[in-house]
Amino acid sequence: MPSMATPSKRLSPSKGKQSPKRRLGPSAPLSKPFLRFYHSEAIRKKTLSLLGTVEHAPDATTHRDALANIVVELTNSGLDHYFMEPLKLAKPGFLVEQSANLGMLGVQQVMASVIRQIIGRMDSPQLLSVCGSVRQFML
């Protein structure tokens, strides 16, 4: 079994209540390729604030809607970064850009509905797992 690389920014264990961390198992080595996208500072602040709120809440399920909303917002931001921005840079023409915009709006509406339904049914440990994943993506 291959050994895993240790992240250089490991937090020292603190006394008191720890927020849940996403464990990387053998199937998710740190050396795997990855893509990240830039999002606004406002979304970052809102996301970090909400993650802290959910992680320290006595009942994380009370924050399902807010977590679903931030996941939708991050998803939309990623779709814009990976698809719409490069498309605009390619200057394919007004008609192609408008068609892409219309198609992406439909995709985002369907995805938002699915995300809200799924997160809306999660229990506290599952919601905390989602929070851990989002934190991991933000490193």
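Numbers here simply count residues along the sequence, with the first being 1.
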**Asked** Cluster question for you: counting only ILVMFWY and a side-chain heavy-atom cut-off of under 4.5 Å, with indirect links fine, are Leu105 and Leu87 together?
**Response** no
**Asked** Could you walk me through whether Met122 and Ile118 pass the side-chain contact (heavy atoms from CB on, under 4.5 Å) check?
**Response** CA-CA 7 Å; Met122 289 183 168; Ile118 291 171; 3.9 Å; yes
Give the minimum heavy-atom separation between [X] and [Y], together with the two atoms involved.
| X | Y | answer |
| --- | --- | --- |
| Arg135 | Leu48 | NH1-CD2, 3.7 Å |
| Val54 | Cys131 | CG1-SG, 3.5 Å |
| Asp59 | Ser124 | OD1-OG, 3.4 Å |
| Ala60 | Leu127 | O-CD1, 3.5 Å |
| Met111 | Leu79 | SD-CD1, 4.1 Å |
| Ile43 | Leu74 | CG2-CD2, 3.5 Å |

**Message:** Between Val130 and Arg64, is there a side-chain heavy-atom distance shorter than 4.5 Å?
**Reply:** no
Check: [Y] main-chain N/O paired with [X] side-chain donor or acceptor under 3.5 Å:
| X | Y | value |
| --- | --- | --- |
| Ser129 | Pro125 | no |
| Thr75 | Val71 | yes |
| Gln126 | Asp123 | yes |

Rounded to the nearest 0.5 Å, what's the gap from [atom1] on [X] to [atom2] on [Y]? Could you check?
| X | Y | atom1 | atom2 | value |
| --- | --- | --- | --- | --- |
| Met138 | His39 | CE | NE2 | 4.0 Å |
| Ser77 | Met84 | OG | CE | 13.5 Å |
| Thr61 | Leu67 | OG1 | CG | 11.5 Å |
| Glu73 | Ile115 | CD | CD1 | 11.5 Å |

**Message:** The criterion is side chain to side chain donor-acceptor pair (under 3.5 Å); which residues satisfy it with Ser113, sequence neighbours excluded?
**Reply:** Gln117
**Item:** By side chain to side chain donor-acceptor pair (under 3.5 Å) - contacts of Asn76 (at least two apart)
**Value:**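 Side chain to side chain donor-acceptor pair (under 3.5 Å) list for Asn76, sorted by chain: empty.
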**Request:** Check the pair Ile70 / His63 against side-chain contact (heavy atoms from CB on, under 4.5 Å), numbers first and verdict last.
**Result:** CA-CA 11 Å; Ile70 203 71; His63 302 286; over 6 Å; no
**Request:** Mind telling me whether His81 and Phe37 have parallel, tilted or perpendicular rings, with 30° and 60° as the class edges?
**Result:** tilted
**Prompt:** CG of Leu89: more than 12 outside heavy atoms within 6.0 angstrom?
**Reply:**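 Counting neighbours around CG of Leu89, more than 12 heavy atoms of other residues, nucleotides or ligands fall under 6.0 Å, so yes.
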